[in-house]
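Structure first, then comments.
Nothing fancy with the numbering, it's 1 onward along the sequence.
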Amino acid sequence: MKKVISTKAAPAAIGPYSQAIDLGNMVFISGQIPVNPATGEIPEGIKAQTAQSISNIKAILAEAGLSIDNVVKTTVFLADMSLFGEMNEVYGAEFTDPYPARSAVAVRELPKQVLVEIETIAVR
């Protein structure tokens, strides 16, 4: 049975979607852009934006009773592939071995003109 996960500690959905869906043994987190949920501000630069996106993911995971260690798959969307190295530095500091499976792609544009968006799948 699907259960919606929602927290004010992460940005509210800006469209007809849920922050996350809990299926019992798996949690699917919608792509998180680097919006500070307290202020609505977007930090400058790819490193700060990656950190904020991951912070939003952690908040949703916590609401589901999980942590970043439960993440098994991520998809990283970048505004430009030249940002990969700096994003990867922050990403690598947040996740631990064994690292989740990951895809990283450059896209033409992201919501609110951010530099990064990260979607996540976690398991219990």
Side-chain angles (χ1 to χ4, degrees):
M1 175 149 236
K2 286 194 313 189
K3 175 184 171 190
V4 173
I5 302 294
S6 181
T7 177
K8 292 183 181 185
I14 55 175
Y17 63 91
S18 300
Q19 284 178 332
I21 295 292
D22 187 335
L23 293 179
N25 64 334
M26 298 181 78
V27 176
F28 295 83
I29 299 176
S30 294
Q32 293 301 300
I33 62 173
V35 174
N36 180 315
T39 65
E41 294 179 5
I42 297 168
E44 297 273 333
I46 186 62
K47 287 184 175 183
Q49 288 194 17
T50 301
Q52 182 64 59
S53 291
I54 293 172
S55 177
N56 296 343
I57 289 165
K58 287 179 176 180
I60 296 168
L61 287 165
E63 185 68 21
L66 302 173
S67 76
I68 198 138
D69 292 333
N70 294 96
V71 174
V72 296
K73 172 70 169 88
T74 64
T75 303
V76 179
F77 301 95
L78 295 166
D80 189 300
M81 218 48 185
S82 69
L83 303 169
F84 181 85
E86 290 181 276
M87 174 281 298
N88 203 45
E89 284 180 46
V90 176
Y91 182 100
E94 293 288 345
F95 290 94
T96 58
D97 196 17
Y99 298 105
R102 178 180 76 185
S103 302
V105 296
V107 296
R108 183 169 179 212
E109 189 175 3
L110 290 165
K112 298 187 179 246
Q113 317 310 205
V114 300
L115 301 174
V116 64
E117 178 175 356
I118 305 172
E119 68 179 25
T120 310
I121 301 171
V123 296
R124 288 197 159 73

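In this structure, R102 forms a cation-pi arrangement with Y91, its terminal cationic atom sitting closer than 6.0 Å to the ring centre and no more than 45° off the ring axis.
When every heavy atom of F95 is checked against every heavy atom of P100, the shortest pair comes out as CD2-CG, 3.5 Å. Shortest non-hydrogen contact noted between P37 and A10 is CB-C, 3.6 Å.
For the atom pair CG of L61 and CG of D69, the computed distance is 10.0 Å after rounding to the nearest 0.5 Å. If you take OG1 on T50 and CG on N88, they are separated by 9.5 Å, rounding to the nearest 0.5 Å. Rounding to the nearest 0.5 Å gives a distance of 11.0 Å between CG of D80 and CG of L110. Between the CD1 atom of I46 and the CG atom of L115 there is a distance of 5.0 Å, given to the nearest 0.5 Å. Rounded to the nearest 0.5 Å, atoms CD1 (I57) and OG (S30) are 10.5 Å apart. Put simply, CD1 on I33 and CD1 on I118 are 11.5 Å apart, with the number rounded to the nearest 0.5 Å.
Using a 4.5 Å heavy-atom threshold, the side chains of L23 and K2 count as touching. Between V107 and L78 the shortest side-chain heavy-atom distance does not fall below 4.5 Å. Counting only heavy atoms from C-beta outward, the side chains of K112 and P34 never approach each other to under 4.5 Å.
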Stepwise, does the side chain to side chain contact (heavy atoms under 4.5 Å, CB included) test hold for I68 with I54? CA-CA 9 Å; I68 198 138; I54 293 172; 3.8 Å; yes
Can Q19 and E63 be said to form a side chain to side chain contact (heavy atoms under 4.5 Å, CB included), step by step? CA-CA 11 Å; Q19 284 178 332; E63 185 68 21; over 6 Å; no
Would E119 and F77 satisfy side chain to side chain contact (heavy atoms under 4.5 Å, CB included), going step by step from the backbone distance to the final call? CA-CA 8 Å; E119 68 179 25; F77 301 95; 4.0 Å; yes
Go through the steps to decide whether Q32 and S55 satisfy the test side chain to side chain contact (heavy atoms under 4.5 Å, CB included), and finish with yes or no. CA-CA 9 Å; Q32 293 301 300; S55 177; over 6 Å; no
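Tracing side-chain contacts under 4.5 Å through hydrophobic residues (I, L, V, M, F, W, Y), one never reaches V90 starting from Y99; they form parts of separate clusters. Cluster membership check: I29 shares its hydrophobic cluster with M87, using side-chain heavy-atom separations under 4.5 Å among Ile, Leu, Val, Met, Phe, Trp and Tyr. Taken together through direct or relayed side-chain contacts under 4.5 Å among Ile, Leu, Val, Met, Phe, Trp and Tyr, M26 and L66 form parts of separate hydrophobic clusters. Linking ILVMFWY residues whenever their side-chain heavy atoms come closer than 4.5 Å, directly or via other members, leaves Y17 and V27 in distinct clusters. Follow the hydrophobic side-chain contacts under 4.5 Å out from V72 and you never reach I5; the two are in separate clusters.
Of the residues Q52, K47, Q49, the one that meets the side-chain contact (heavy atoms from CB on, under 4.5 Å) test with V116 is Q49.
Within the 3.5 Å criterion, the main-chain N or O of V35 finds a donor-acceptor partner in the side chain of N56.
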